[in-house]
Colleague: 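Starting off with a structure, shown below.
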Amino acid sequence: MEKPLTHSSSLIKLKGVGPKVQEKLSKLGLNNIQDVLFHLPYRYEDRTQVIPVAALRHGQSCLIEVTVNHASIAFSRKGKSRRMLLVQVSDATGSLLLRFFYFNKQQQEKLVEGVKLRCFGDVRYGASSLEIVHPEYTLLNDTNNAEMENSLTPVYHTTDGVSQILLRRLSEQCLELLNNKSLLPDYLNESLLKLDDYYSLSDALKYVHRPPTGANVNQLFAAQHGSQLRLIFEELIAQHLSLQVLREKNRHKSASKLHSDNHLLFKFIKSLPFELTVAQQKVNQQILQDMESGIPMMRLLQGDVGSGKTVVAALACLKAIESGWQAAIMAPTEILAEQHFKNFTSWFEPLGIKVVWLSGQIKGKKRSQVLSQIIAGEAQVIVGTHALFQNDVEYKCLALAVTDEQHRFGVQQRMALAKKAKITIENESDTLAHQLIMTATPIPRSLAMTAYADLDYSVIDELPPGRKPITTVVIQQERREEILQRIHKACAEGKQAYWVCTLVEESETLQCQAAQDTAETLQKVLPDIKVGLIHGRLKSEEKEILMRDFKNGLTQLLVATTVIEVGVDVPNASLMIIENSERLGLSQLHQLRGRVGRGEQASHCVLMFKSPLTEHAKERLAIMRKTNSGFEISRKDLQLRGPGEVLGTRQTGLLQLRIADIVRDEYMLGDVKLASAKIMADSPEKVKALIDRWVGVAQQYVNIG
Ligand code: ADP
Ligand code: MG
């Protein structure tokens, strides 16, 4: 006798799955029965009821029952003329057109006057009436009235070669198997989930895959039905647990225990031309505590653009250095890394600390010289780009790895740098550097605790005093003349301005070319202003000179590609023009805008756009005009683009949620945390099972070993 199927049985056991189909399903991440059950529909179609033609609206997906009045072949006028089959149909309430671009002789012969059809498709405006392009249809006749669907039709994410019909057949079979109560273990119970309307796991899955006729469609579409809440809750718990496990792993590694009297820190703080804000001091304390503990620090530091994260990072570096260790600071772009190098050099050299620079552009003899300084420990602070964690870079005694703008790096890259601490202590292969991870895409605390549950969390929630809010205006590009006058006036008053070219060309060369053209044009129309130009194609030394000239006021208007997006710091620049701003994402716009508003004078940002705007673009520009708060902007960005894009978790597969949405479901996160802690404490054996079920492959991906 064959063994009964379990949740981990291979899909080859199901009807309709042979080796070929199995391989295709595997590409979708579907390998066993549980995978199919947790491959949830992302939307539904309602084929349970027939809609009268008179009630159809543009944009709806509907089931209709109609009679053919007339069918004809026509040719489209656009471009190459294309043959089309046009079928005029009606019911008792009205008529509409069915349009087919692909059809065969047989179809054409069947779709003739008097034939009854049941069709499903997307209704849209046509030339003279509503129409459906390529509806799915079945012929009806008096003896055989095809059966109606008795549940909403699920629509699944899929890939080439795997049809919706196949996925529906598979989920149908797997749901059937759920009648065997022992197929799928339920790891949660009512006491954990404080939901009004409790669904067991199998009931929830059945409902979500096949919502019955009469289901509240609005509630379902908003993911507010009890069955959905049950699954969302479980998914968030699994996600939370997976990050907790990661965190535990790290806590079992060791890190250098840094004991020192903080004399360098005090000396440095005294040398600063400003007082640390209360928020900076608070975060500094948290960091020092971590670094003294002997457990690897894994601390995320959030703070809006301009909140002064760099100084806080410098304090952490000093802690490492005065304890006799090295610190590394890694930034995603050359420009930002160079800016840090300059800052750290000017801060630390007076204290007798050796700061070195390492990037991909440093080659040959120069590179081997820097590498030997690093391994000898002569270099105490190492600033650079991805170059910092390459194989041939060996540190004598790395205790701290600072990653700036973490969303530009993958988890692995960050860990690769932290693991450079390994070789430093003999017989201790499990040593990590302390990590300080900085981000200027601040997300609300509760979201951060979920998205980064493997990290401790600090926030700089105030800006240095005296900052004036930036006034943002949105202006159509046809009004360029006005903008030029604005620049002219600002520069005449001794202020400086940025002009950002944001051509979204694939090729960097084209981008740089466009910036160059813009700079030339601007120089022509503004002859008495000194225009500078900076882009990614320039050599390090050239960029350095350009930035220095701008910082010193030798150039007044700096034309730039988005290379200036992060980190550039010139307080006297108080006007920023962003071309084609409608093409940029919210976080990017906020980062760019954050280059102004750093000095004492009031700053302005002009967002130029080209009509017509899409709905999303309109929304983005409106948000930018309304608020300067990075927190609010990130929140909106999360809503519009999802966490994968905004938080840079996409590459890792983490937070690739199936049904939950951390923004929409934020209100659950407190309970999720409590329930997760309870599971960890009471039933540790469920932890791995829940992670396997929901997070699966992604969890292995960030296995940091
Ligand atoms: P971000 O958080 O965006 O990385 P930075 O660290 O670049 O911000 O700081 C922005 C600017 O604010 C820098 O010029 C820095 O010297 C200055 N700054 C930092 N902390 C303070 C403070 N407490 N008071 C005044 N200015 C400060
Ligand atoms: Mg910064």
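Atoms within a ligand are numbered from 1 in the order they appear, just like the ligands themselves. Here the structure is a predicted model, which means the values were calculated and not measured.
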Colleague: May I ask you to check if ligand 1 and Leu276 share an N or O to N or O distance below 3.5 Å?
Modeller: no

Colleague: Using the side chain to side chain contact (heavy atoms under 4.5 Å, CB included) definition, which of the options Ile578, Leu589, Asn628 pairs with Cys605?
Modeller: Ile578

Colleague: Ligand 1 versus Asp304, non-hydrogen atoms closer than 4.0 Å: side chain, backbone, both, neither?
Modeller: backbone

Colleague: Counting from 1, what ligand 1 atoms have a heavy atom of Thr310 closer than 4.0 Å?
Modeller: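 Those qualifying, in numeric order: 4 (O), 5 (P), 6 (O), 7 (O).
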
Colleague: Could you tell me how the ring of Phe550 sits relative to the ring of Tyr498: parallel (under 30°), tilted (30 to 60°) or perpendicular (over 60°)?
Modeller: tilted

Colleague: Should you measure from each heavy atom of Pro464, which atoms of ligand 1 turn up under 4.0 Å away?
Modeller: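 Reading through ligand 1 atom by atom, the close ones are 21 (C), 22 (C), 24 (N), 25 (C), 26 (N), 27 (C).
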
Colleague: Counting each atom of ligand 1 from 1 as listed, which ones have a heavy atom of Thr277 under 4.0 Å away?
Modeller: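 Taking each heavy atom of Thr277 in turn, ligand 1 has 23 (N) under 4.0 Å.
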
Colleague: Taking only non-hydrogen atoms of Arg467, do any sit less than 4.0 angstrom from ligand 1?
Modeller: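 Per 4.0 Å heavy-atom rule, Arg467 contacts ligand 1.
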
Colleague: Got a salt bridge between Glu493 and Lys495, using NZ or NE/NH1/NH2 to carboxylate O under 4.0 Å?
Modeller: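 A salt bridge links Glu493 with Lys495.
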
Colleague: For ligand 1, which atoms sit closer than 4.0 Å to a heavy atom of Val305?
Modeller: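 What qualifies from ligand 1 is 3 (O).
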
Colleague: Which residues pass the side-chain hydrogen bond (donor to acceptor under 3.5 Å, both in side chains) test with Gln286, not counting sequence neighbours?
Modeller: Ser458

Colleague: Could you give me the CA-CA distance, side-chain angles and deciding distance for Glu322 and Ser260, then say whether side-chain hydrogen bond (donor to acceptor under 3.5 Å, both in side chains) is met?
Modeller: CA-CA 7 Å; Glu322 66 171 30; Ser260 62; 2.6 Å; yes

Colleague: Applying a 4.0 Å heavy-atom criterion (strictly less than), which segment of Glu275 is in contact with ligand 1: side chain, backbone, both, or neither?
Modeller: backbone

Colleague: Which of the atoms of ligand 1 are close to Arg598, meaning less than 4.0 Å from one of its heavy atoms?
Modeller: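 Counting from 1, the qualifying ligand atoms are 3 (O), 7 (O), 10 (C).
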
Colleague: Under the side-chain hydrogen bond (donor to acceptor under 3.5 Å, both in side chains) rule, what pairs show up with a residue in residues 464-474, not counting sequence neighbours?
Modeller: Thr472-Arg593

Colleague: Run the salt-bridge test on Lys636 and Glu632 with the 4.0 Å N-O cut-off and return the result as yes or no.
Modeller: no

Colleague: Should Gly306 be counted as touching ligand 1, given the test is an N or O pair under 3.5 Å?
Modeller: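 Between Gly306 and ligand 1, an N or O pair is found under 3.5 Å apart.
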
